[in-house]
Amino acid sequence: MTVGVREQPRGADSPRPRPGARPGLVGWLTGLAALAGVGYRLWLLLHAAPPTNSDEATMGLAALHIARGEDFPVWFYGQQYMGTLEAYLAAPVFALAGGPSLLGLRLPTLALYALFLLLAWRLTLRLTGDRWFGLLMVVLLALGSDRIVKNQLIAGGGYPEMNAAGAALALLAVDLAGGRPGRRSADAGRPDGPTAGTGRPGWRLARWAAWGFLAGLMLWVDPLVLPYVAATGAVLVGFCRRELWGAAGALLGVAAVLGAAPLLLHSLLTGRNPLHAVLAAGGANATAGLPDRLHGGLVLGPPLGMGFCAPGQCATWQLWWALALPLLLAIAAVTAWRALRAPGPDPADPAAVGPEAVSPRVAAAVRLALVLAAVATLGAYTVSSSAGLTPVESSRYLSCLLISLPALLWPVWAAARHGLRPAATGRLGVGSTLARSVAVVLLAATLGTAAHATWRAAQTVPATRATEARHTELVSTLRQLGVRHVRAGYWTCNRLTFASAEQVVCAVVDDTLRPGFDRYPAYRREVDSAAAPAWVAPAGSPLAEVLDERQRVTPGSLDLVTIEGWRIYLPR
């Protein structure tokens with residue numbers, strides 16, 4: 001299919017909507033799709049979904065400490081990687097609300113998702129000029145399977161901001177590569193005209209600074225987005241290398257250092273290399289067989305990580321995306337490369353710029369960069385031990401692949417609309433009807449599978465809300481009992497401390513009652529100094545069984561208080 005997909009001059013394969021007709025319809029539909037995506041996620045947040053955990057509570061505790069001015073952490077508590085940007089975004093919300101809450105912690109992540117949706121739509125228009133294709137992208141990104149909404153809404157470190165930053169980096173690369181300083185586009189004065197190369201050096205320098213700052217910031221926040229930093233940076237080098245030797249390059253470098261300042265200062269002061277911690281987290285110190293890595297990285301990973309599976313599992317029929325993704329990557333790469341190498345107008349020529357998109361060569365270069373970044377992301381995940389050891393949960397490492405969706409599906413959309421056309425003649429090929437049918441089926445299957453996964457995720461909301469209600473009752477019961485210090489398992493402790501706004505302080509123990517991993521050591525010191533800390537365990541858990549056995553062995557040593565889902569053991 002790849003040979004005949006026609007890469008027409010801008011405005012031919014992306015027809016300009018007629019004023020007063022289609023623009024209004026497609027605009028309204030796009031706006032409604034965007035509102036549906038944001039509204040669906042707001043509905044989830046109001047129902048305490050997706051389910052929270054102690055890792056997210058750790059970020060919430062960091063935000064609470066920042067809001068109070070008690071601590072200003074660089075890294076996620078208990079480790080030397082993954083910046084705490086989400087905590088700094090949530091801290092003002094806590095300060096204004098008068099205290100911490102799960103909703104307050106997640107409101108910034110909802111805003112980041114809305115920003116990603118807007119940037120992805122704008123990037124799609126800049127790359128293709130096709131508003132209907134932009135609508136398709138917004139609809140796809142408005143859907144949200146279990147894994148997708150977890151990545152986008154849980155403030156567990158890195159994932160909600162990576163997609164917005166990656167799309168912004170790509171969009172800035174389009175604007176910077178699609179114009180030259182000091183030259184004004186023929187359409188620049190029009191309301192719908194291009195924003196790149198407008199001949200306003202101040203705005204252009206601001207874009208250079210923004211790209212550099214975002215690149216440095218993501219280096220601190222989470223290195224998973226680095227393939228997109230490198231790929232879009234390569235586009236800038238390819239199209240703007242001369243400009244980078246001047247003030248633009250200097251400004252970019254200063255802005256990048258500023259964005260990465262927390263990482264750089266911490267490394268200088270402590271002498272620690274965050275790369276080592278990142279490699280350890282990715283499974284560098286563990287082992288997994290090659291078959292397990294390939295299965296987790298190439299079979300389970302893409303459908304789970306890109307939103308085509310039910311909560312926590314992939315049915316066999318949902319694995320079709322694992323077969324389609326390599327083909328889409330190959331087709332998108334070949335078509336983008338052919339468009340990039342094809343003779344045509346200079347990318348800086350204003351005549352090559354349409355009302356929405358940049359020149360064909362710049363658009364092809366950015367599409368190719370997005371494809372290569374997706375390949376690098378998928379390859380890095382597949383070779384990591386995490387893909388083999390914990391494929392379901394670690395599929396979150398593929399979150400950034402959503403940034404590449406416009407580049408992956410653009411050839412399919414073009415084939416669905418125009419079929420296959422030999423580049424020389426532009427006439428319909430022999431297999432045009434078949435190609436259009438296959439492309440339409442592929443797009444429909446993509447939408448249908450993602451919609452089904454979203455529906456399955458929405459079905460879990462009542463159970464999640466009930467679980468959160470039981471946890472709220474646990475916190476209330478501890479307060480009524482006057483319990484100030486407790487010992488509990490890892491997945492209970494920080495969640496309990498955050499939910500009580502540190503009125504209940506928890507130290508971690510394992511299932512044998514030995515000290516566990518405390519991300520915030522001050523809590524353990526406080527609990528160890530307490531006279532008689534209580535024990536808290538989920539009903540039916542191994543920890544509850546051990547404590548029940550202690551009661552049987554030494555009757556009268558513990559008083560048991562039970563509420564639905566939880567067991568509280570009070571020392572006498």
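What you are looking at is a predicted structure, and each value in this text was computed from that prediction instead of being measured.
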Side chain to side chain contact (heavy atoms under 4.5 Å, CB included) evaluation trace for W132 with L25: CA-CA 10 Å; W132 288 102; L25 175 62; 3.8 Å; yes
Worked verdict on W413 versus T128 for side chain to side chain contact (heavy atoms under 4.5 Å, CB included): CA-CA 11 Å; W413 177 266; T128 68; over 6 Å; no
For residues 133-141, dump all side-chain donor-acceptor pairs below 3.5 Å to protein atoms at least two apart in sequence or in another chain.
none

Closest heavy-atom pair and its distance - A339, A364: CB-CB, 3.7 Å
Residue among L214, L85, T84, L263 satisfying side chain to side chain contact (heavy atoms under 4.5 Å, CB included) with V221: L85
Non-hydrogen atoms of P262 and L258 that approach each other most closely: CD-O, 4.4 Å
W337: partners by ring pair (Phe, Tyr, Trp, His ring centres under 6.0 Å), with sequence neighbours left out: none
Atom of A332, atom of P411 and distance for their closest heavy-atom approach: CA-CG, 3.8 Å
Cut-off 3.5 Å, no hydrogens considered: what does the side-chain donor-acceptor table look like for residues 440-452, sequence neighbours left out?
{"residue": "T446", "atom": "OG1", "partner": "L442", "partner atom": "O", "Å": "2.8"}
{"residue": "T449", "atom": "OG1", "partner": "W320", "partner atom": "NE1", "Å": "3.1"}
{"residue": "T449", "atom": "OG1", "partner": "A445", "partner atom": "O", "Å": "2.7"}

Those residues that, when tested against W321, pass ring pair (Phe, Tyr, Trp, His ring centres under 6.0 Å) (two or more places apart): F308
Candidate list I403, L401, L402, test side chain to side chain contact (heavy atoms under 4.5 Å, CB included), partner L405, passing option: L402
Inter-residue atom distance K150.NZ - Y159.OH, 0.5 Å rounding: 12.5 Å
Student check: side-chain heavy atoms of L224 and T377 closer than 4.5 Å: no
Close side-chain approach of T232 to V366, heavy-atom, < 4.5 Å: no
Pairs flagged by salt bridge (charged side-chain N to carboxylate O under 4.0 Å, His left out) wherever residues 393-412 is involved - sequence neighbours left out: R147-E393, E393-R396
Side-chain touch L323/L327, heavy atoms, less than 4.5 angstrom: no
Close side-chain approach of R131 to L29, heavy-atom, < 4.5 Å: no
Any donor-acceptor pair under 3.5 Å from E86 side chain to G157 backbone: yes
Separation of W245 CH2 from C240 SG (nearest 0.5 Å): 14.5 Å
Distance-minimising heavy-atom pair for I154 and P51: CD1-O, 3.7 Å
Test item: P311 and R456 side chains (from C-beta on) under 4.5 Å apart, heavy atoms: yes
Y40 side chain vs G144 backbone, donor-acceptor pair below 3.5 Å: yes
Side chain to side chain, L370 and Y228, heavy atoms closer than 4.5 Å: yes
Any donor-acceptor pair under 3.5 Å from T109 side chain to L153 backbone: yes
Side chain to side chain contact (heavy atoms under 4.5 Å, CB included) between L300 and S395, intermediate numbers included: CA-CA 8 Å; L300 284 178; S395 63; over 6 Å; no
V229 and W211: CA distance, side-chain angles, deciding distance, side chain to side chain contact (heavy atoms under 4.5 Å, CB included) verdict: CA-CA 9 Å; V229 175; W211 194 96; 4.1 Å; yes
Heavy-atom pair of closest approach, residues V371 and A333: CG1-CB, 3.9 Å
Spacing of W410 atom CH2 and L127 atom CG [to the nearest 0.5 Å]: 9.5 Å
Minimum-distance pair of heavy atoms, taken over all atoms of V235 and A365: CG2-O, 3.8 Å
Salt bridge (charged side-chain N to carboxylate O under 4.0 Å, His left out) partners of residues 320-336, not counting sequence neighbours, each pair once: none
Reported CG-to-CD distance for the pair L112 and Q152, which is rounded to 0.5 angstrom: 10.5 Å
CG-CG distance between L304 and D146, expressed to the nearest 0.5 angstrom: 9.0 Å
Min side-chain heavy-atom separation L340-R367 under 4.5 Å: no
Short side-chain to backbone donor-acceptor contact, R41 and A142, under 3.5 Å: yes
Backbone N/O of S386 and side chain of S394: donor-acceptor pair under 3.5 Å: yes
H47 side chain near T464 side chain, heavy-atom distance below 4.5 Å: no
Separation between CG of L378 and OG of S404, rounded to the nearest 0.5 Å: 10.5 Å
